[in-house]
**Q** 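Next up is a structure, given as structure tokens.
This structure is a prediction, so every number in the text was calculated from the model and none was measured. All values below were derived from every heavy atom in this structure, side-chain atoms included, with hydrogens, water molecules and symmetry-related copies excluded. Each chain gets a letter, A, B and so on, in the order the sequences are listed, and its residues count up from 1.
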Protein chains: 2
Amino acid sequence: MTEEVAATEPGPAGSALSRREQILQAAAELFARYGFHGVGIDDIGGAVGVSGPALYRHFRSKEAMLAEMLTEISDKLLLGGHSRVDAAAGPDAALEELVRWHVEFALTNPALITVHLRDLDSLSEPDQHRVRESQRAYVEVWVRVLRAVRADLDEHTARAAAHAVIGLINSTPYSTHLDTTAMSALLHRMALGALSAGSGT
Amino acid sequence: MTEEVAATEPGPAGSALSRREQILQAAAELFARYGFHGVGIDDIGGAVGVSGPALYRHFRSKEAMLAEMLTEISDKLLLGGHSRVDAAAGPDAALEELVRWHVEFALTNPALITVHLRDLDSLSEPDQHRVRESQRAYVEVWVRVLRAVRADLDEHTARAAAHAVIGLINSTPYSTHLDTTAMSALLHRMALGALSAGSGT
DNA sequence: GGGCGATGTTAACGCTGGCTAACCCACTTC
DNA sequence: GAAGTGGGTTAGCCAGCGTTAACATCGCCC
């Protein structure tokens, strides 16, 4: 190993945290490309320059890795969305911020988005439940903002519209024909366009 | 088994075809819910009231089932899109028809859409290639129509926009809060809204 | 300077699961 | 009514893979 732990985090647990993150990142990339069941323990180990069962020094199981990355992503999404909405001036600004936040998130973490869409149900029941709970709450943030902007939207329609827009933005990982800023701007415009059309006749 | 083969198709191969389709349908449902690798041969057999390896009378392998359903769906999508565009009066009508077609398809075959998004890369290289080819051609249909409607769209932006709209419509399977007609109308409006905003400033 | 905890290594175990083998009907057909 | 064929059954093989065990090493700390 030529490259040692450079200077990640102070404290005794610094290098340990770095290792975990490193593993999670590599695993996310692999899961995104081949699916949870399509990736072996040895593959993940190999991706971080360590072979096989060494991972069990850091995670209880392969599924624990998936669980950690999925709970992390959904909590982060929820938290970020919430705080942006709270900080916004009015409903319109809140919606704008929500779109901006989700676009940025999806473009920054395409692998996590993919894994989240794909392998959620490879989780154990309790973990799965927790993730879905965050997810539900996140959609609810969207629903509240949407209904604040357009009072004529009923609950169900707002929820379906939220899902659709999130789906639009999440379709990002598969199309990388544009550079990030152009893509970001395009998705932003399209999302808002879809939403303003969503409640029209 | 109380229910026999009622009256599917005349001819000697009638019941055989019906059996294959029946298996494919059940497999699609299972794959959609649990993922290709999350479903066992016995599960699929069980779903059609037959246990385990009986399926090998109808398919060469488990992967062959996936291959058949995915090539079928992508060919069907491409063919349908193509013919609708050809039959349309002008570019605007063509776009409208394309949206209508995809919405209808996605709402009619949610399981296939899900499997297609999820388990495409569980296919062997050649099969995977064939499916991706149809897929690419289908997107190209969208791109051509989009650029005919809005000449200011460059190739890459049009492709990204097409992916985004398809992603929007495909997000359907996960949100079933609305009845089909309302959902169809909503998706239709949102898709067109997203597209008209896609080329704006 | 001798433990000891954190981190890796290789070998091996055990289960799951796809697939094959061998055998068994029913039903059509000459 | 014997033969063939289509479709099903159960038993079992075999590979892959997640996980554990047993053992090494390195750096810190009293």
Side-chain angles (χ1 to χ4, degrees), chain A residues 1-24 26-27 30-31 34-69 119 121-124 127, chain B residues 1-24 26-27 30-31 33-69 119 122-124 127:
Chain A
M1 300 293 129
T2 51
E3 45 163 357
E4 310 283 276
V5 185
T8 44
E9 204 93 43
S15 71
L17 278 181
S18 163
R19 206 64 169 132
R20 279 180 72 90
E21 305 258 331
Q22 196 183 347
I23 293 171
L24 279 183
L30 288 170
F31 290 167
Y34 305 106
F36 180 70
H37 292 286
V39 174
I41 274 297
D42 293 348
D43 299 327
I44 305 174
V48 298
V50 109
S51 262
L55 302 174
Y56 286 82
R57 298 293 170 191
H58 304 277
F59 296 93
R60 258 188 16 264
S61 67
K62 181 185 164 195
E63 194 193 302
M65 302 182 206
L66 183 64
E68 185 158 330
M69 70 178 75
D119 294 311
D121 27 30
S122 296
L123 248 45
S124 72
D127 284 332
Chain B
M1 299 301 125
T2 51
E3 46 164 355
E4 311 280 278
V5 185
T8 43
E9 204 95 43
S15 68
L17 279 183
S18 164
R19 206 62 170 132
R20 278 180 72 89
E21 305 257 330
Q22 193 183 349
I23 292 171
L24 278 183
L30 287 171
F31 290 167
R33 210 185 309 282
Y34 304 107
F36 179 70
H37 291 287
V39 174
I41 274 296
D42 293 348
D43 299 327
I44 304 174
V48 298
V50 110
S51 264
L55 304 175
Y56 288 84
R57 300 287 171 197
H58 304 276
F59 296 92
R60 258 188 15 266
S61 67
K62 181 184 162 195
E63 195 193 300
M65 301 182 206
L66 183 64
E68 184 157 332
M69 71 179 73
D119 294 311
S122 296
L123 247 48
S124 72
D127 284 333

**Q** Rounding to a whole Å, what distance do you find between A:Lys62:NZ and D:dC17:P?
**A**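 Atom NZ in A:Lys62 sits about 9 Å away from atom P in D:dC17.
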
**Q** Which heavy atom in A:Arg20 sits nearest to a heavy atom in A:Phe59, and how many Å separate them?
**A** NH2-CE2, 3.5 Å

**Q** Which pair of heavy atoms, one from B:His58 and one from B:Ile23, lies closest together, and at what distance?
**A** CD2-CD1, 3.8 Å

**Q** Does A:Arg57 contact C:dG8 through a side-chain donor or acceptor facing the base, at a distance under 3.5 Å?
**A** yes

**Q** Starting at CZ of B:Phe36 and ending at P of C:dT16, how long is that distance when rounded to a whole Å?
**A**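 After rounding, the reported distance stands at 19 Å.
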
**Q** Nearest nucleotide by nearest heavy atom, which residue falls closer to the 5' end of DNA chain D, A:Tyr56 or B:Pro53?
**A** B:Pro53

**Q** Under 3.5 Å, which donor-acceptor pairs link side chains of residues 33-46 of chain B to any protein atom two or more places apart or in another chain?
**A**
residue, atom, partner, partner atom, Å
B:His37, NE2, B:Ser122, OG, 3.4
B:Asp43, OD2, B:Gly40, N, 2.8

**Q** Where is the tightest heavy-atom contact between A:Leu24 and A:Glu68, given as atom of each residue plus distance?
**A**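 Looks like CD1-OE2, 3.6 Å.
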
**Q** What is the distance from CG of A:Leu55 to P of D:dC17, rounded to the nearest Å?
**A** 15 Å

**Q** At their closest point, which heavy atom of A:Asp119 faces which heavy atom of A:Phe31, and how far apart are they?
**A** OD2-O, 3.9 Å

**Q** Given atom CZ of A:Arg20 and atom P of C:dA6, what is their separation to the nearest angstrom?
**A** 14 Å

**Q** Show the nearest heavy-atom pair for residues A:Glu63 and A:Ser124, with the distance to one decimal.
**A**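 Residues A:Glu63 and A:Ser124, closest heavy atoms: OE2-N, 2.9 Å.
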
**Q** Distance check needed: C:dC19 P versus B:Glu63 CD, whole Å only.
**A**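 Those two atoms, CD and P, are 8 Å apart.
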
**Q** Is there a side-chain contact between A:Arg57 and A:Arg19, using heavy atoms and a 4.5 Å cut-off?
**A** no

**Q** Respond yes when some side-chain nitrogen or oxygen of A:His58 is under 4.0 Å from OP1 or OP2 of C:dG8, and no when none is.
**A** yes

**Q** Are any of B:Arg60's side-chain N or O atoms less than 4.0 Å away from OP1 or OP2 of C:dC19?
**A**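 No.
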
**Q** Between D:dC17 atom C1' and B:His37 atom NE2, what is the distance in whole Å?
**A** 13 Å

**Q** Looking at residues 38-47 of chain A, who's got a heavy atom less than 4.0 Å off DNA chain C?
**A**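 Close to the strand, none.
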
**Q** Rounded to whole Å, how long is the line connecting atom CZ of A:Phe31 with atom C1' of D:dG18?
**A** 12 Å

